Engineer: 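Questions regarding the structure given below will be posed in turn.
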Amino acid sequence: MLTKNLFLQGIFPFQGAGMEKPVPIHSELSHYVPDGVINQTLYFRGGNSSSELITVVLLRNGVPMRYFPIGAKSDVHVPLRVVEDIEGGSAVELYIAAPEGVTGSVVIDLGMVEY
């Protein structure tokens with residue numbers, strides 16, 4: 001079985017639209033799983049430069065799959081020990097939920113494997 005490591009990562013500015021209204025962070029933080037392969041998420045690391053709690057939301061086909069809260073001026077590392085298969089034909093995206101009007105930068109590092 002051949003495997004390929006995938007990373008959705010970078011530093012991105014954000015402006016909050018409300019904690020109940022997650023919005024896309026950046027087009028670079030989306031991945032389409034090709035037909036005939038399976039992806040699995042392995043870990044999430046994130047940082048938040050703002051003075052408010054934010055949440056990074058991992059979506060699969062537009063439906064929330066995981067929530068990663070990141071405290072004010074803080075960081076988080078979450079090893080994803082319960083691994084789920086993400087089937088071919090699925091879209092994986094990262095969104096952000098932040099209090100309305102809050103601005104800052106978010107650091108994202110989502111590690112995945114494709115096989």
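Just so it is clear, the structure is predicted and the values come from calculations on it, not from any experiment.
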Engineer: Which residues satisfy the side-chain hydrogen bond (donor to acceptor under 3.5 Å, both in side chains) test with Y43, sequence neighbours excluded?
Structural biologist: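 For Y43, the residues satisfying side-chain hydrogen bond (donor to acceptor under 3.5 Å, both in side chains) (neighbours in sequence not counted) are D109.
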Engineer: Using the rule that Ile, Leu, Val, Met, Phe, Trp and Tyr join whenever any side-chain heavy atoms are under 4.5 Å apart, tell me whether V76 and V106 fall into a single cluster.
Structural biologist: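 Yes: a chain of side-chain contacts under 4.5 Å links V76 to V106.
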Engineer: Going by the rule side chain to side chain contact (heavy atoms under 4.5 Å, CB included), which residues pair with A72 if we only count those two or more places apart in sequence or in a different chain?
Structural biologist: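 Counting only residues at least two positions away or on another chain, A72 forms no side chain to side chain contact (heavy atoms under 4.5 Å, CB included).
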Engineer: Listed by chain and number, what are the side chain to side chain contact (heavy atoms under 4.5 Å, CB included) partners of S49, not counting sequence neighbours?
Structural biologist: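 Only S105 meet the side chain to side chain contact (heavy atoms under 4.5 Å, CB included) criterion with S49.
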Engineer: Can you list the residues that meet the side chain to side chain contact (heavy atoms under 4.5 Å, CB included) rule with I38, with sequence neighbours excluded?
Structural biologist: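 Only D85, E87, Y115 meet the side chain to side chain contact (heavy atoms under 4.5 Å, CB included) criterion with I38.
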Engineer: As a quick check of understanding, evaluate side chain to side chain contact (heavy atoms under 4.5 Å, CB included) for V78 and R66, giving each step before the final call.
Structural biologist: CA-CA 11 Å; V78 181; R66 294 277 188 278; over 6 Å; no
Engineer: Would you say that I54 contacts F14 through its side chain, given a criterion of any heavy-atom pair below 4.5 Å between the two side chains?
Structural biologist: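 Side-chain contact under 4.5 Å: yes.
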Engineer: Under the rule for side-chain hydrogen bond (donor to acceptor under 3.5 Å, both in side chains), what residues qualify as partners of E52, not counting sequence neighbours?
Structural biologist: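 For E52, no residue satisfies side-chain hydrogen bond (donor to acceptor under 3.5 Å, both in side chains) once neighbours in sequence are set aside.
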Engineer: Could you see if V23 belongs to whatever hydrophobic cluster contains M19? Use Ile, Leu, Val, Met, Phe, Trp, Tyr and a side-chain cutoff under 4.5 Å.
Structural biologist: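 No, no single cluster joins them.
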Engineer: To the closest 0.5 Å, what do you measure between CG (L80) and CG (L110)?
Structural biologist: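 Atom-to-atom, L80:CG and L110:CG are 7.5 Å apart.
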Engineer: With a 4.5 Å cut-off on side-chain heavy atoms, are L94 and L58 touching?
Structural biologist: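 Yes, side chains in contact.
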Engineer: Begin with the C-alpha distance, continue with both residues' side-chain angles, and end with the deciding distance and a verdict on side chain to side chain contact (heavy atoms under 4.5 Å, CB included) for I70 and F44.
Structural biologist: CA-CA 11 Å; I70 308 174; F44 173 82; 4.3 Å; yes
Engineer: Could you list all the salt bridge (Lys or Arg N to Asp or Glu O under 4.0 Å) pairs where at least one residue sits in residues 25-36, not counting sequence neighbours?
Structural biologist: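 Listed once each, the pairs would be none.
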Engineer: Run through the side-chain heavy atoms of Ile, Leu, Val, Met, Phe, Trp and Tyr, join any pair under 4.5 Å, and report what else lands in L59's cluster.
Structural biologist: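 Once heavy-atom contacts under 4.5 Å are chained together, L59 belongs with V57, Y67, Y95.
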Engineer: For V107, which fellow cluster members are found when Ile, Leu, Val, Met, Phe, Trp and Tyr are connected by side-chain heavy-atom distances below 4.5 angstrom, either directly or through intermediates?
Structural biologist: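 Cluster partners of V107: I11.
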Engineer: Identify whether I86 and Y32 are in the same connected component of the hydrophobic contact network (ILVMFWY, side-chain heavy atoms under 4.5 Å).
Structural biologist: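 The answer is no; the residues belong to distinct hydrophobic clusters.
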Engineer: Could you give the distance from CD (Q15) to CD (E100), rounded to the nearest 0.5 Å?
Structural biologist: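 Going from the CD atom of Q15 to the CD atom of E100 covers 9.0 Å.
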Engineer: Using the salt bridge (Lys or Arg N to Asp or Glu O under 4.0 Å) rule, collect all pairs that involve residues 53-64, keeping only residues at least two apart or in two chains.
Structural biologist: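 Listed by first then second residue: R60-E84.
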Engineer: Looking at residues at least two apart in the chain, or sitting in another chain, which of them share a salt bridge (charged side-chain N to carboxylate O under 4.0 Å, His left out) with D75?
Structural biologist: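 For D75, no residue satisfies salt bridge (charged side-chain N to carboxylate O under 4.0 Å, His left out) once neighbours in sequence are set aside.
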Engineer: Is any side-chain heavy atom of N5 less than 4.5 Å from a side-chain heavy atom of V113?
Structural biologist: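 They are in contact (side-chain heavy atoms under 4.5 Å apart), so the answer is yes.
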Engineer: Under the side-chain hydrogen bond (donor to acceptor under 3.5 Å, both in side chains) rule, collect the residues that match up with H31, sequence neighbours excluded.
Structural biologist: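 With neighbours one apart ignored, the set is N39.
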Engineer: What residues, two or more places apart in sequence or in another chain, satisfy side-chain hydrogen bond (donor to acceptor under 3.5 Å, both in side chains) together with T55?
Structural biologist: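 T55 satisfies side-chain hydrogen bond (donor to acceptor under 3.5 Å, both in side chains) with no residue once adjacent residues are dropped.
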Engineer: Shared ILVMFWY cluster between I108 and L53, side chains joined below 4.5 angstrom?
Structural biologist: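 Different clusters: I108 never reaches L53 through Ile, Leu, Val, Met, Phe, Trp or Tyr contacts under 4.5 Å.
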Engineer: Would a single hydrophobic cluster contain both V37 and M65, if residues Ile, Leu, Val, Met, Phe, Trp and Tyr are joined by side-chain heavy-atom contacts under 4.5 Å?
Structural biologist: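 Per the 4.5 Å side-chain linkage, M65 and V37 are co-clustered.
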Engineer: Considering non-hydrogen atoms only, spot the tightest contact between S50 and G104 and give its length.
Structural biologist: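 That would be CB-CA, 4.5 Å.
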